[in-house]
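Indexing begins at 1, ligand by ligand and atom by atom, following the structure's order.
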Amino acid sequence: MRGIFITIEGPDGSGKSTQIKKLSHYLNEKGYNVLFTREPGGTNIGEYIRKIILDKRNTKMSYETEALLYAASRAQHVSEKIKPALEKGTIVICDRFVHSSLVYQGIARGIGIEEVNNINQFAIQGIKPDVTLFFDISPEIALKRKRRNNKGDRLEREDILFHKKVYNGYLKLKEMYPNEIISIDATNSINTIFNEIKGVIDSILTRS
Ligand code: ADP
Ligand code: TYD
């Protein structure tokens, strides 16, 4: 049996890591075989690439290089971890995947959704999420939450206009793929959001 591939998307600081931690605890307690992973990164090679992409000193990085590095990290992630796990029947939950590249590089950087999608199709070898949860929250609120705790990496330091483009990009993707993307109201309290996610995940797991 093939496993289930769930991806989590949303602006920086939308609460993805917080909820993934809770979900991990919940699903492990229920006895499911689950792989929690993230992008960019998820493999040793991917984590090296992540460091290059997010390094504040890399101010000269071209948008095309950035898009290819994210896709390179993803290619390694798919072939080394995601594909083998799904083939073994594991539930794979991934913090960001292709939708992040479509939105951040394709829309916010202005490279184009189609162009970014093309390089990613090469990277993912036909592996697509069964469902994507989009954490819907304005960048103003999300970044305020995040900056309370750190100064921000290279991407988080982009100005608010960039993050607004990211947010609007997600809304556009949701319009383009209404059946694949489920919106979660990420402005709620941690527990309210978690209950909503549990409902969605439980119904996916009982369906399969
Ligand atoms: P992401 O992984 O999407 O960047 P995090 O889970 O790291 O987001 O959350 C960003 C910050 O917001 C953290 O400081 C976290 O404690 C806080 N946070 C997460 N969820 C909520 C919430 N529902 N309400 C208020 N603060 C939150
Ligand atoms: P991450 O550490 O997951 O950020 P956060 O926890 O704030 O959500 O991701 C690092 C940054 O990389 C984040 O700003 C989003 C960006 N990103 C892209 O621009 N393109 C991509 O394909 C991916 C996966 C991430």
Task: Side-chain donor or acceptor of T90 paired with backbone N/O of L35 under 3.5 Å - done: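 No: the side chain of T90 does not pair with the backbone of L35.
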Open item on the list: I'd like to know if the side chain of E9 and the backbone of S100 have a donor-acceptor N/O pair within less than 3.5 Å.
Closed with: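 The answer is yes, because a donor-acceptor pair under 3.5 Å joins these two groups.
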TODO: Using only heavy-atom distances, determine whether the side chains of N120 and Y70 contain a donor-acceptor pair under 3.5 Å.
DONE: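 The criterion, which ignores hydrogens and geometry beyond distance, is not satisfied for Y70 and N120.
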Task: Side-chain donor-acceptor contact under 3.5 Å, S189 with N191 - done: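 Judged by distance alone, the side chains do not pair up.
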Among [options], which residue places a heavy atom closest to [atom]?
| atom | options | value |
| --- | --- | --- |
| atom 2 (O) of ligand 1 | G13, A186, S17 | S17 |
| atom 2 (O) of ligand 2 | R50, R96, R38 | R50 |
| atom 4 (O) of ligand 2 | T7, D12, L69 | D12 |
| atom 10 (C) of ligand 2 | I20, L54, N120 | L54 |

Open item on the list: Show me which atoms of ligand 2 lie under 4.0 Å from any heavy atom of Q105.
Closed with: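 Those qualifying, in numeric order: 18 (C), 19 (O), 20 (N), 21 (C), 22 (O).
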Task: Under 4.0 Å to a heavy atom of E39 - the qualifying atoms of ligand 2, by number - done: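 Heavy-atom distances to E39 below 4.0 Å select 3 (O), 24 (C).
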Open item on the list: Is the contact between K16 and ligand 2 made by the side chain, the backbone, both, or neither, using heavy atoms and a 4.0 Å cut-off?
Closed with: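 Looking at K16 and ligand 2, just side chain atoms fall under 4.0 Å.
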Open item on the list: What I want to know is whether E66 and ligand 2 share at least one N or O pair that is separated by under 3.5 angstrom.
Closed with: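 No.
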Open item on the list: Just to be sure I read this right, does ligand 1 sit under 4.0 Å from the backbone of A142, its side chain, both, or neither, counting only heavy atoms?
Closed with: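 No part of A142 is near ligand 1 at this cut-off.
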Open item on the list: Counting only nitrogen or oxygen atoms and a 3.5 angstrom limit, does T18 reach ligand 1?
Closed with: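 The answer is yes, given that T18 and ligand 1 share an N or O pair closer than 3.5 Å.
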- [ ] Report yes if G15 has an N/O atom closer than 3.5 Å to an N/O atom of ligand 1; otherwise report no.
- [x]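 So ligand 1 has an N or O lying under 3.5 Å from an N or O of G15.
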TODO: Give a yes/no on ligand 2: does R74 have at least one heavy atom closer than 4.0 angstrom to it?
DONE: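 Judged by the 4.0 Å heavy-atom criterion, R74 does count as contacting ligand 2.
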Task: Option from R74, K16, R50 for which salt bridge (charged side-chain N to carboxylate O under 4.0 Å, His left out) with E39 holds - done: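 Among the candidates, only R74 passes.
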Open item on the list: Could you go through F194 and Y26, starting from their C-alpha distance and side-chain angles, then the distance that decides it, and tell me whether this counts as side-chain contact (heavy atoms from CB on, under 4.5 Å)?
Closed with: CA-CA 10 Å; F194 185 57; Y26 173 71; 3.7 Å; yes
Open item on the list: Salt bridge or not between E47 and R38? Use side-chain N to carboxylate O under 4.0 Å.
Closed with: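 Salt bridge flag = yes for R38 with E47.
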Task: NZ/NE/NH1/NH2 to OD/OE distance under 4.0 Å, R207 and D202 - done: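 Here R207 does not pair with D202 in a salt bridge, since their nearest N and O are not under 4.0 Å apart.
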Open item on the list: For G10, state whether at least one heavy atom is located under 4.0 Å from any atom of ligand 1.
Closed with: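 False for this residue.
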Task: Within-shell test, N188 vs ligand 1, heavy atom, strictly < 4.0 Å - done: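 True for this residue.
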TODO: Start with the C-alpha gap between Y170 and F135, add the side-chain angles, then the distance that decides, and say whether ring pair (Phe, Tyr, Trp, His ring centres under 6.0 Å) holds.
DONE: CA-CA 9 Å; Y170 274 121; F135 281 37; over 10 Å; no
Task: Student check: side-chain heavy atoms of R109 and E64 closer than 4.5 Å - done: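 No, every pair of side-chain atoms sits at 4.5 Å or beyond.
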TODO: Would you mind listing which atoms of ligand 1 come within a distance below 4.0 Å of any non-hydrogen atom of S189?
DONE: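 Selected atoms, number and element: 23 (N).
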- [ ] State the atoms of ligand 1, each with its element, that fall below the 4.0 Å cut-off from a heavy-atom position in I193.
- [x]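 Atoms satisfying the 4.0 Å criterion: 23 (N).
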